[in-house]
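The structure under discussion is supplied below as C-alpha coordinates; questions concerning it will follow.
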Amino acid sequence: MEAVAPGRAWRGWRRAAAAGAPRSLAALLLLSALLRAPLAVGYLVRLPRSFRLTQDTVKIVGSPHFPVSVYVMLHQRSPHVLCVTQHLRNTELVDPSFQWHGPKGKIISENSTAQVTSTGSLIFQNFQESMSGIYTCFLQYRPTVEEIVKNLQLKYLIYAYREPRFYYQFTARYHAAPCNSIYNISFEKKLLQILSKLVLDLSCEIALLKSECHRIKMQKAGLQNELFFTFSVSSQGTEKGSKPCTDHSCDSSKRLSKAKNLIERFFNQQVEVLGRRSEPLPEIYYIEGTLQMVWINRCFPGYGMNALQHPKCPECCVICSPGSYNPRDGIHCLRCNNSLVYGAKACV
(Lines give C-alpha, C1' and ligand atoms only; values in the text may rest on other atoms or scores of the structure.)
Protein backbone atom coordinates (compact mmCIF):
# COMPACT_ATOMS: atom_id res chain seq x y z
CA MET A 1 0.00 0.00 0.00
CA GLU A 2 1.52 3.26 -0.99
CA ALA A 3 0.41 6.79 -0.19
CA VAL A 4 1.99 10.08 -1.17
CA ALA A 5 3.21 11.83 1.96
CA PRO A 6 3.06 15.57 2.69
CA GLY A 7 4.86 18.22 1.11
CA ARG A 8 7.02 19.47 -1.67
CA ALA A 9 8.72 22.76 -0.94
CA TRP A 10 8.88 25.65 -3.38
CA ARG A 11 11.74 25.55 -5.81
CA GLY A 12 14.10 28.47 -5.22
CA TRP A 13 17.35 28.21 -7.07
CA ARG A 14 15.67 27.25 -10.34
CA ARG A 15 13.42 30.37 -10.00
CA ALA A 16 10.41 28.25 -10.95
CA ALA A 17 7.43 27.59 -8.71
CA ALA A 18 5.95 24.12 -8.28
CA ALA A 19 2.69 23.31 -6.57
CA GLY A 20 2.86 21.28 -3.34
CA ALA A 21 1.81 17.64 -3.30
CA PRO A 22 -1.47 16.80 -1.55
CA ARG A 23 -1.41 15.75 2.06
CA SER A 24 -1.33 12.10 2.90
CA LEU A 25 -4.70 10.36 2.96
CA ALA A 26 -3.36 7.28 4.72
CA ALA A 27 -5.31 7.84 7.95
CA LEU A 28 -8.56 8.54 6.12
CA LEU A 29 -8.13 5.52 3.85
CA LEU A 30 -7.47 3.26 6.83
CA LEU A 31 -10.58 4.51 8.64
CA SER A 32 -12.63 4.12 5.48
CA ALA A 33 -11.37 0.54 5.00
CA LEU A 34 -12.36 -0.40 8.53
CA LEU A 35 -15.84 1.08 8.13
CA ARG A 36 -16.38 -0.74 4.83
CA ALA A 37 -15.01 -4.10 6.02
CA PRO A 38 -17.75 -6.78 6.06
CA LEU A 39 -18.70 -8.39 9.34
CA ALA A 40 -17.00 -11.69 10.12
CA VAL A 41 -15.89 -13.73 13.08
CA GLY A 42 -12.26 -13.13 14.01
CA TYR A 43 -10.22 -11.76 16.85
CA LEU A 44 -6.87 -10.12 17.54
CA VAL A 45 -4.55 -10.18 20.47
CA ARG A 46 -2.87 -7.00 19.34
CA LEU A 47 -5.03 -5.11 16.87
CA PRO A 48 -3.95 -2.56 14.26
CA ARG A 49 -3.24 0.92 15.62
CA SER A 50 -6.61 2.28 14.47
CA PHE A 51 -8.57 -0.42 16.34
CA ARG A 52 -9.33 -0.32 20.08
CA LEU A 53 -9.00 -3.56 21.99
CA THR A 54 -12.07 -4.35 24.09
CA GLN A 55 -12.70 -6.92 26.78
CA ASP A 56 -15.00 -8.81 24.43
CA THR A 57 -12.08 -9.71 22.16
CA VAL A 58 -9.87 -11.14 24.92
CA LYS A 59 -11.91 -14.33 25.30
CA ILE A 60 -13.06 -16.04 22.13
CA VAL A 61 -16.00 -18.38 21.75
CA GLY A 62 -16.68 -20.87 18.97
CA SER A 63 -19.53 -21.51 16.60
CA PRO A 64 -21.18 -24.86 15.77
CA HIS A 65 -21.82 -23.63 12.21
CA PHE A 66 -18.42 -22.44 10.90
CA PRO A 67 -14.75 -22.16 11.93
CA VAL A 68 -13.88 -19.04 13.90
CA SER A 69 -10.80 -17.10 12.78
CA VAL A 70 -8.31 -16.04 15.44
CA TYR A 71 -5.28 -13.80 14.84
CA VAL A 72 -2.29 -13.93 17.16
CA MET A 73 0.75 -11.68 16.79
CA LEU A 74 3.98 -13.58 16.24
CA HIS A 75 5.96 -14.20 19.45
CA GLN A 76 3.10 -12.92 21.63
CA ARG A 77 0.60 -14.50 24.02
CA SER A 78 -2.79 -15.44 22.60
CA PRO A 79 -6.21 -14.66 24.07
CA HIS A 80 -8.22 -17.40 25.77
CA VAL A 81 -9.86 -19.53 23.07
CA LEU A 82 -12.89 -21.05 24.80
CA CYS A 83 -14.27 -24.49 24.07
CA VAL A 84 -17.87 -23.25 24.23
CA THR A 85 -20.33 -21.29 22.13
CA GLN A 86 -21.70 -17.93 23.20
CA HIS A 87 -24.88 -19.67 24.36
CA LEU A 88 -23.07 -22.32 26.41
CA ARG A 89 -20.75 -19.73 27.91
CA ASN A 90 -23.65 -18.39 29.95
CA THR A 91 -25.10 -21.83 30.76
CA GLU A 92 -24.33 -24.33 33.51
CA LEU A 93 -22.62 -27.46 32.20
CA VAL A 94 -22.67 -30.70 34.18
CA ASP A 95 -19.50 -32.84 34.11
CA PRO A 96 -17.90 -31.06 31.13
CA SER A 97 -14.80 -32.53 29.51
CA PHE A 98 -12.62 -30.78 26.94
CA GLN A 99 -10.18 -32.16 24.42
CA TRP A 100 -8.20 -30.02 22.00
CA HIS A 101 -6.56 -31.19 18.77
CA GLY A 102 -4.24 -29.00 16.72
CA PRO A 103 -2.39 -29.35 13.40
CA LYS A 104 0.11 -31.69 15.07
CA GLY A 105 -2.32 -33.77 17.10
CA LYS A 106 -3.75 -33.75 20.58
CA ILE A 107 -2.89 -30.82 22.86
CA ILE A 108 -2.23 -31.62 26.51
CA SER A 109 -2.42 -29.18 29.40
CA GLU A 110 1.27 -29.60 30.32
CA ASN A 111 2.50 -28.37 26.93
CA SER A 112 4.78 -25.35 27.43
CA THR A 113 3.68 -23.50 24.29
CA ALA A 114 -0.01 -24.44 24.06
CA GLN A 115 -1.84 -24.84 27.35
CA VAL A 116 -5.37 -26.04 28.10
CA THR A 117 -6.85 -24.74 31.33
CA SER A 118 -9.10 -26.74 33.66
CA THR A 119 -12.10 -24.97 32.14
CA GLY A 120 -11.10 -25.93 28.60
CA SER A 121 -9.55 -22.65 27.41
CA LEU A 122 -6.69 -22.90 24.91
CA ILE A 123 -3.85 -20.40 25.46
CA PHE A 124 -0.63 -20.01 23.47
CA GLN A 125 2.62 -18.64 24.84
CA ASN A 126 5.13 -17.14 22.41
CA PHE A 127 3.07 -17.95 19.31
CA GLN A 128 5.15 -19.28 16.40
CA GLU A 129 4.50 -19.56 12.66
CA SER A 130 4.32 -23.34 12.91
CA MET A 131 1.40 -23.09 15.35
CA SER A 132 -0.88 -21.65 12.66
CA GLY A 133 -3.59 -23.97 11.44
CA ILE A 134 -6.91 -25.64 12.25
CA TYR A 135 -7.71 -26.36 15.90
CA THR A 136 -10.65 -28.49 16.97
CA CYS A 137 -12.17 -28.73 20.44
CA PHE A 138 -14.34 -31.69 21.43
CA LEU A 139 -16.72 -30.89 24.26
CA GLN A 140 -18.80 -33.41 26.22
CA TYR A 141 -21.32 -32.27 28.81
CA ARG A 142 -24.77 -32.78 30.31
CA PRO A 143 -27.23 -29.87 30.24
CA THR A 144 -28.66 -31.22 33.52
CA VAL A 145 -27.97 -34.17 35.78
CA GLU A 146 -30.95 -36.04 34.37
CA GLU A 147 -30.15 -35.54 30.66
CA ILE A 148 -27.87 -37.66 28.51
CA VAL A 149 -24.36 -36.64 27.51
CA LYS A 150 -24.10 -34.23 24.56
CA ASN A 151 -21.16 -33.85 22.22
CA LEU A 152 -20.06 -30.66 20.47
CA GLN A 153 -17.23 -30.03 18.03
CA LEU A 154 -15.88 -26.50 17.51
CA LYS A 155 -13.27 -25.49 14.94
CA TYR A 156 -10.91 -22.50 14.96
CA LEU A 157 -8.58 -21.19 12.25
CA ILE A 158 -5.67 -19.67 14.17
CA TYR A 159 -3.27 -17.45 12.20
CA ALA A 160 0.04 -15.85 13.08
CA TYR A 161 0.29 -12.25 11.96
CA ARG A 162 2.85 -9.45 11.97
CA GLU A 163 2.67 -5.71 11.65
CA PRO A 164 3.59 -4.44 8.17
CA ARG A 165 7.21 -3.65 7.46
CA PHE A 166 6.53 -0.02 6.65
CA TYR A 167 9.10 2.62 5.76
CA TYR A 168 9.50 6.00 4.08
CA GLN A 169 11.14 6.30 0.68
CA PHE A 170 12.69 9.68 -0.17
CA THR A 171 14.00 11.11 -3.41
CA ALA A 172 16.07 14.28 -3.66
CA ARG A 173 18.11 16.00 -6.35
CA TYR A 174 21.41 17.85 -6.08
CA HIS A 175 23.23 20.09 -8.50
CA ALA A 176 26.39 18.09 -9.07
CA ALA A 177 29.92 18.04 -10.37
CA PRO A 178 30.48 16.35 -13.76
CA CYS A 179 29.00 12.86 -13.67
CA ASN A 180 32.38 11.12 -13.85
CA SER A 181 33.77 13.18 -10.97
CA ILE A 182 34.97 11.50 -7.79
CA TYR A 183 33.54 14.42 -5.82
CA ASN A 184 30.03 13.12 -6.42
CA ILE A 185 30.89 9.74 -4.87
CA SER A 186 32.53 11.40 -1.87
CA PHE A 187 29.53 13.68 -1.39
CA GLU A 188 27.11 10.73 -1.58
CA LYS A 189 28.94 8.89 1.22
CA LYS A 190 29.02 12.01 3.39
CA LEU A 191 25.32 12.66 2.87
CA LEU A 192 24.41 9.11 3.90
CA GLN A 193 26.58 9.40 7.01
CA ILE A 194 24.85 12.62 8.04
CA LEU A 195 21.36 11.20 7.47
CA SER A 196 22.20 7.98 9.34
CA LYS A 197 23.52 9.92 12.32
CA LEU A 198 20.43 12.10 12.24
CA VAL A 199 18.05 9.19 12.93
CA LEU A 200 20.37 6.96 14.97
CA ASP A 201 18.86 7.87 18.37
CA LEU A 202 15.41 6.91 17.06
CA SER A 203 16.59 3.35 16.27
CA CYS A 204 15.97 4.03 12.60
CA GLU A 205 18.28 3.29 9.70
CA ILE A 206 18.96 4.86 6.33
CA ALA A 207 19.52 2.74 3.22
CA LEU A 208 20.58 4.03 -0.18
CA LEU A 209 18.27 2.55 -2.81
CA LYS A 210 19.59 4.31 -5.89
CA SER A 211 22.02 7.08 -6.83
CA GLU A 212 22.32 8.30 -10.42
CA CYS A 213 23.95 11.25 -12.12
CA HIS A 214 22.29 12.73 -15.21
CA ARG A 215 22.84 15.68 -17.52
CA ILE A 216 19.75 17.89 -17.61
CA LYS A 217 19.03 20.49 -20.29
CA MET A 218 17.49 23.49 -18.58
CA GLN A 219 15.38 26.06 -20.38
CA LYS A 220 17.55 29.16 -20.87
CA ALA A 221 20.24 27.63 -18.62
CA GLY A 222 21.98 25.08 -20.84
CA LEU A 223 23.17 21.68 -19.56
CA GLN A 224 23.53 20.92 -15.86
CA ASN A 225 24.66 17.85 -13.94
CA GLU A 226 22.30 16.53 -11.30
CA LEU A 227 22.47 13.73 -8.74
CA PHE A 228 19.26 11.78 -8.15
CA PHE A 229 19.21 10.20 -4.69
CA THR A 230 16.64 7.62 -3.57
CA PHE A 231 16.93 6.38 0.00
CA SER A 232 14.70 4.78 2.63
CA VAL A 233 14.31 5.28 6.36
CA SER A 234 12.98 2.32 8.33
CA SER A 235 12.75 1.33 11.97
CA GLN A 236 15.11 -1.31 13.24
CA GLY A 237 13.56 -4.56 14.49
CA THR A 238 11.78 -4.34 17.84
CA GLU A 239 10.75 -7.96 18.29
CA LYS A 240 12.04 -9.36 21.57
CA GLY A 241 11.36 -13.05 21.30
CA SER A 242 8.75 -14.22 23.76
CA LYS A 243 8.85 -10.99 25.78
CA PRO A 244 6.02 -8.62 24.76
CA CYS A 245 7.24 -5.25 23.53
CA THR A 246 5.52 -2.66 25.76
CA ASP A 247 8.02 0.20 25.90
CA HIS A 248 7.12 3.37 23.97
CA SER A 249 10.23 2.91 21.86
CA CYS A 250 8.59 -0.15 20.31
CA ASP A 251 6.13 2.06 18.42
CA SER A 252 7.93 2.13 15.10
CA SER A 253 5.37 4.44 13.50
CA LYS A 254 6.11 7.21 16.01
CA ARG A 255 9.85 6.78 15.62
CA LEU A 256 9.53 6.87 11.84
CA SER A 257 7.39 9.99 12.03
CA LYS A 258 10.07 11.74 14.09
CA ALA A 259 12.75 10.57 11.67
CA LYS A 260 10.75 11.93 8.74
CA ASN A 261 10.47 15.33 10.43
CA LEU A 262 14.21 15.44 11.10
CA ILE A 263 15.01 14.60 7.48
CA GLU A 264 12.62 17.24 6.15
CA ARG A 265 14.10 19.83 8.52
CA PHE A 266 17.61 18.88 7.36
CA PHE A 267 16.79 19.56 3.72
CA ASN A 268 14.93 22.78 4.57
CA GLN A 269 17.98 23.98 6.50
CA GLN A 270 20.12 23.44 3.43
CA VAL A 271 17.84 25.80 1.53
CA GLU A 272 18.03 28.39 4.32
CA VAL A 273 21.83 28.24 4.44
CA LEU A 274 22.12 28.66 0.68
CA GLY A 275 19.71 31.58 0.79
CA ARG A 276 21.96 33.44 3.24
CA ARG A 277 25.09 32.99 1.12
CA SER A 278 26.51 36.09 -0.56
CA GLU A 279 29.26 34.20 -2.41
CA PRO A 280 28.62 31.95 -5.43
CA LEU A 281 26.89 28.62 -4.90
CA PRO A 282 29.02 25.53 -4.21
CA GLU A 283 29.50 22.98 -6.96
CA ILE A 284 27.21 20.46 -5.23
CA TYR A 285 24.06 21.71 -3.52
CA TYR A 286 20.48 20.60 -2.86
CA ILE A 287 17.89 21.76 -5.41
CA GLU A 288 15.02 23.19 -3.42
CA GLY A 289 11.63 21.55 -3.87
CA THR A 290 12.93 18.23 -5.17
CA LEU A 291 12.50 16.31 -1.90
CA GLN A 292 9.63 13.86 -2.31
CA MET A 293 8.43 11.14 -0.01
CA VAL A 294 6.33 7.98 -0.25
CA TRP A 295 4.99 5.84 2.60
CA ILE A 296 5.38 2.14 1.74
CA ASN A 297 3.93 -0.95 3.40
CA ARG A 298 5.46 -4.36 2.84
CA CYS A 299 4.91 -7.76 4.42
CA PHE A 300 7.65 -10.17 5.38
CA PRO A 301 8.09 -13.26 3.17
CA GLY A 302 5.40 -15.82 3.96
CA TYR A 303 2.90 -13.13 5.03
CA GLY A 304 0.41 -10.94 3.18
CA MET A 305 -2.56 -8.59 3.50
CA ASN A 306 -6.03 -9.60 2.37
CA ALA A 307 -8.97 -7.56 3.66
CA LEU A 308 -11.49 -9.87 2.00
CA GLN A 309 -10.11 -13.07 3.50
CA HIS A 310 -9.26 -11.46 6.85
CA PRO A 311 -11.76 -8.62 7.33
CA LYS A 312 -11.11 -8.49 11.08
CA CYS A 313 -7.42 -7.89 10.43
CA PRO A 314 -7.34 -5.86 7.19
CA GLU A 315 -4.12 -3.98 7.95
CA CYS A 316 -2.24 -7.02 9.30
CA CYS A 317 0.32 -9.10 7.50
CA VAL A 318 -1.32 -12.50 8.09
CA ILE A 319 0.57 -15.72 7.50
CA CYS A 320 -0.10 -17.16 4.02
CA SER A 321 -2.53 -20.07 4.09
CA PRO A 322 -1.87 -23.37 2.27
CA GLY A 323 -2.38 -22.76 -1.43
CA SER A 324 -0.60 -19.39 -1.34
CA TYR A 325 2.87 -17.93 -0.73
CA ASN A 326 4.83 -14.67 -0.62
CA PRO A 327 8.44 -15.03 -1.79
CA ARG A 328 9.71 -11.53 -0.94
CA ASP A 329 8.73 -8.21 0.61
CA GLY A 330 5.47 -7.97 -1.30
CA ILE A 331 2.13 -7.08 0.20
CA HIS A 332 -0.08 -10.00 -0.90
CA CYS A 333 0.06 -13.79 -0.74
CA LEU A 334 0.12 -15.23 -4.26
CA ARG A 335 -1.81 -18.32 -5.32
CA CYS A 336 0.12 -21.58 -5.54
CA ASN A 337 -1.49 -25.02 -5.56
CA ASN A 338 1.84 -26.62 -4.66
CA SER A 339 2.27 -24.83 -1.31
CA LEU A 340 0.79 -27.06 1.37
CA VAL A 341 1.99 -25.29 4.52
CA TYR A 342 1.32 -22.03 6.33
CA GLY A 343 3.84 -19.27 5.71
CA ALA A 344 5.19 -20.59 2.39
CA LYS A 345 7.96 -18.42 0.93
CA ALA A 346 8.22 -20.35 -2.35
CA CYS A 347 5.84 -22.16 -4.68
CA VAL A 348 7.24 -25.68 -4.45
Side-chain angles (χ1 to χ4, degrees), residues 40-63 67-86 89 98-137 139 154-165 203 235-254 299-300 302-305 310-321 341-343:
V41 179
Y43 302 83
L44 291 173
V45 182
R46 190 173 158 198
L47 294 160
R49 296 183 298 277
S50 60
F51 211 117
R52 291 183 61 85
L53 185 67
T54 65
Q55 291 298 319
D56 291 337
T57 63
V58 176
K59 293 186 177 181
I60 303 167
V61 296
S63 169
V68 172
S69 295
V70 184
Y71 303 91
V72 185
M73 175 167 275
L74 193 65
H75 302 310
Q76 302 297 316
R77 178 186 172 94
S78 78
H80 289 219
V81 184
L82 308 185
C83 187
V84 290
T85 62
Q86 184 63 44
R89 184 181 181 185
F98 312 92
Q99 189 177 105
W100 280 93
H101 290 260
K104 296 181 180 180
K106 184 179 178 181
I107 299 172
I108 56 177
S109 58
E110 291 80 13
N111 193 312
S112 61
T113 56
Q115 301 175 350
V116 179
T117 68
S118 59
T119 56
S121 296
L122 176 64
I123 308 170
F124 296 96
Q125 308 286 346
N126 188 21
F127 196 80
Q128 303 293 320
E129 290 183 356
S130 59
M131 297 179 186
S132 299
I134 300 175
Y135 288 77
T136 305
C137 178
L139 168 63
L154 301 175
K155 287 186 177 294
Y156 298 84
L157 288 172
I158 302 184
Y159 300 95
Y161 85 95
R162 308 176 71 165
E163 287 186 345
R165 181 178 174 269
S203 295
S235 61
Q236 295 175 345
T238 55
E239 290 183 350
K240 300 180 179 180
S242 59
K243 182 179 179 181
C245 190
T246 57
D247 187 78
H248 70 279
S249 64
C250 297
D251 192 334
S252 56
S253 61
K254 289 183 179 179
C299 290
F300 289 86
Y303 291 77
M305 291 185 185
H310 305 291
K312 282 291 183 177
C313 205
E315 298 296 319
C316 307
C317 289
V318 181
I319 194 166
C320 295
S321 300
V341 297
Y342 285 87

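Computed over heavy atoms, backbone and side chain alike; hydrogens, waters and symmetry mates excluded.
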About how many Å separate CD of Q76 and CZ of R162, when rounded to the nearest 0.5 Å? 11.5 Å
Distance from L154 atom CG to C83 atom SG, nearest 0.5 Å? 5.5 Å
Anything under 30° is parallel, anything over 60° is perpendicular, the rest tilted; go ahead and classify Y159 against Y342. perpendicular
How long is the span from the CG atom in L122 to the CD1 atom in I60, to the nearest 0.5 Å? 9.5 Å
Let me confirm one number: the CD-NE2 distance from Q115 to H80, rounded to the nearest 0.5 Å. 9.5 Å
Testing W100, F124, Y156 one by one against Y135 for a ring pair (Phe, Tyr, Trp, His ring centres under 6.0 Å), which residue passes? F124
Give me the atom names and distance for the closest heavy-atom approach of P79 to V70. CG-CG1, 4.4 Å
Looking only at non-hydrogen atoms, find the nearest pair between A114 and I107 and report the distance. O-CG2, 3.7 Å
Non-hydrogen side-chain atoms of I158 and V72 separated by less than 4.5 Å: yes
Is the shortest heavy-atom distance from the side chain of Q125 to the side chain of I123 under 4.5 Å? yes
Over all heavy atoms of both residues, which pair between A160 and L74 is shortest? Give the atoms and the distance, please. CB-CD1, 4.3 Å
Pairwise distance CE(M73) to OG(S78) - rounded to 0.5 angstrom: 13.5 Å
Nearest heavy atoms of Q86 and V61, plus distance in Å: OE1-CG2, 3.6 Å
For Q128, which residues count as a side chain to side chain contact (heavy atoms under 4.5 Å, CB included) partner, sequence neighbours excluded? H75, N126, S130, M131
Using side-chain contact (heavy atoms from CB on, under 4.5 Å), reason through L157 and I134 one step at a time and then give a plain yes or no. CA-CA 5 Å; L157 288 172; I134 300 175; 3.3 Å; yes
For C317, all residues meeting side chain to side chain contact (heavy atoms under 4.5 Å, CB included), sequence neighbours excluded: P164, C299, Y303, M305
Any chance you could lay out the side-chain contact (heavy atoms from CB on, under 4.5 Å) test for S132 and F127, step after step, and finish with the verdict? CA-CA 9 Å; S132 299; F127 196 80; 3.9 Å; yes
